[in-house]
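Report on the structure given below.
By convention here, the first residue in the shown sequence is residue 1. Keep in mind the model is a prediction, meaning the values are calculated, not measured. Whatever order the structure lists ligands and atoms in, that order sets their numbers, starting from 1. Values below: every heavy atom of this structure, side chains too, minus hydrogens, waters and symmetry copies.
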Amino acid sequence: MKNLRRKTLAAASVVALGVGLAATGGLAPAAAAGPDTTFLVLAPQGGKTDKAAARVAAAKGTVVASYDQIGVLVVRSTNPDFATQVAGAGVESVASTAGLGTALDEGETVEVSAEEVANATGDPTKEPMYGQQWDMNMIHVPQAHAVNSGSSNVVVGVLDSGISSSHPDLATQIAKDKSVSCIGGVTDTTEAAWNPTNSDHGTHVAGTIAAAVNGIGVTGIAPGVKVAAVKVVNNDGFIYPEAAVCGFLWAADHGMQLTNNSYFIDPWELNCRNDARQRPVWQAVQRAIRYSQSKGVLNVASAGNSNYDLAHKNTDYDSPNNLPEGQDPTPRVDLNSACLDLPAEAPGVVTVSAVGPTGQKSYYSSYGQGVIDVTAPGGDSRFRTQGARSTSTDTILSTIGRLDAQGNMVNGWGYKQGTSMSGPHATGVAALALSAHPGMTPGQLSAFLERSAVAQSCPAGVYDPVPNWPVPVPPATWPHNIGPSYCSGGERNGFYGAGMVDAFNVVK
Ligand SMILES: [Ca+2]
Ligand SMILES: [Ca+2]
């Protein structure tokens, strides 16, 4: 196996990026051009954007995308006074998104070598690499496929780093006419634009949902459904709010019933604290999520990989990312709706924690009573050795694809772990549920997903699965926090929500 260590940008660098960008005030002379900056301009909720668009033009801004459905304009401007000059009738709020990109928590990929792929014979009645797909057995995918393996009427939007359309396990599975890049908040439907560049993350997610049953590689949970690439991760590995807004609206307006969101925007940590200036940005994202739900989309989101109690952010003094020794974490106060972790904590979104092959919460998975809705396999490379060693086969095997240095797509299969991997298991089960029971509303579907899940009990006492793995020294590298955690709740609890999603239970 080949170890592809991918550089993960620590959250600290995101904060650093934002530092120079606060000064959008009126100090510079109006005539001097500033950096080309992206703004979200919000018209009043439910209002039209024409007045706002006129104000944008007068303030020397260019509308690059107009999301009239939610009253949001994506604007670029080099006018350093744009934010103050655009304010007025028809504009509820405005904010620059500069510095508000969140790094994709990508983790590393352990690639399966070409020789291992060639030698994988598995069970001749199944896919050649099925023998390594412990996750599929755990949620009873073979039993489900005997009844229903998915309907091509179901299209799942994969809001991620793109999907390789040349991958032999995915080429037949992609709704190309519904795939798009949303980088910059502007749609681009060319195939190259929504294929991956330097990240294999989106292709891995897509394979878990819908890799083909074709005698090659692996199976997905719902190989009969279609996935659409909705690329929201830029080439630097960041998700910007304008891309997320674009992605939710694209999925909603192109007939998708489900989206998978294996990324985690934490405005509370990075952006909301003492910074009212940035709240409009998060309000725009929340408008987009609400709109998609009103159009019949169920959004599934990963809980995050910080081993963090999402239910106690306002009282817990730990920050999700490790702080340098001696630096005091700032208490989390002033929790308000603008500071929800997005999309995981937005109302109506299905939030998914992760378990490893033992069924216990993965050491990295965030949790929280009332926040986690269901759990699913995300892998746990450290559980069996209590942290002493990493076992890649205890993580999730799926499809991978990204460009090499020469710009050629390299397709293959590989192991990854994270709530990025558990989320698509829940999405795949939801896609099977919709295939077997078409016509459910997002609310009915999420209730069904929870009702059909297999309840998992809390571990007793303090949970510390990797005591032999020292906490990484800052600057934090993925995973950010390891160490003890505590599960609260009964049949429905903070680690597992309503329980493990089950593919057979939703189709039988
Ligand atoms: Ca296959
Ligand atoms: Ca939820």
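- Atom NE2 in His204 sits 7.0 Å away from atom OG1 in Thr109 (nearest 0.5 Å).
- Here Asn214 reaches the Ca ion (ligand 1): one of its N/O/S atoms is less than 3.0 Å from the metal.
- Counting only N and O atoms by type, the side chains of Ser292 and Asn299 include a donor and acceptor under 3.5 Å apart.
- Under the 3.5 Å distance criterion, with hydrogens and angles disregarded, no donor-acceptor pair is assigned to the side chains of Ser152 and Lys226.
- At a cut-off of 3.0 Å, Val349 is counted among the residues with an N, O or S atom near the Ca ion (ligand 2).
- The nearest N/O/S atom of Glu127 to the Ca ion (ligand 1) is OE1.
- The pair Asp502-Arg451 does not meet the salt-bridge criterion, since no charged nitrogen lies less than 4.0 angstrom from a carboxylate oxygen.
- With a cut-off of 3.0 Å, the Ca ion (ligand 1) has an N, O or S atom of Val218 in range.
- At least one N/O/S atom of Ala212, whether from backbone or side chain, sits less than 3.0 Å from the Ca ion (ligand 1).
- For the Ca ion (ligand 1), the N/O/S atoms of Ile216 include one lying under 3.0 Å.
- Residues Tyr367 and Asn307 are in side-chain contact: their nearest non-hydrogen atoms beyond the backbone lie under 4.5 Å apart.
- Looking at Asp373, its N, O or S atom nearest to the Ca ion (ligand 2) turns out to be OD2.
- The closest approach of Asp169 to the Ca ion (ligand 1), by N/O/S atoms, is made by OD1.
- Using a 4.5 Å cut-off on side-chain heavy atoms (C-beta onward), Gln360 and Gln456 make no contact.
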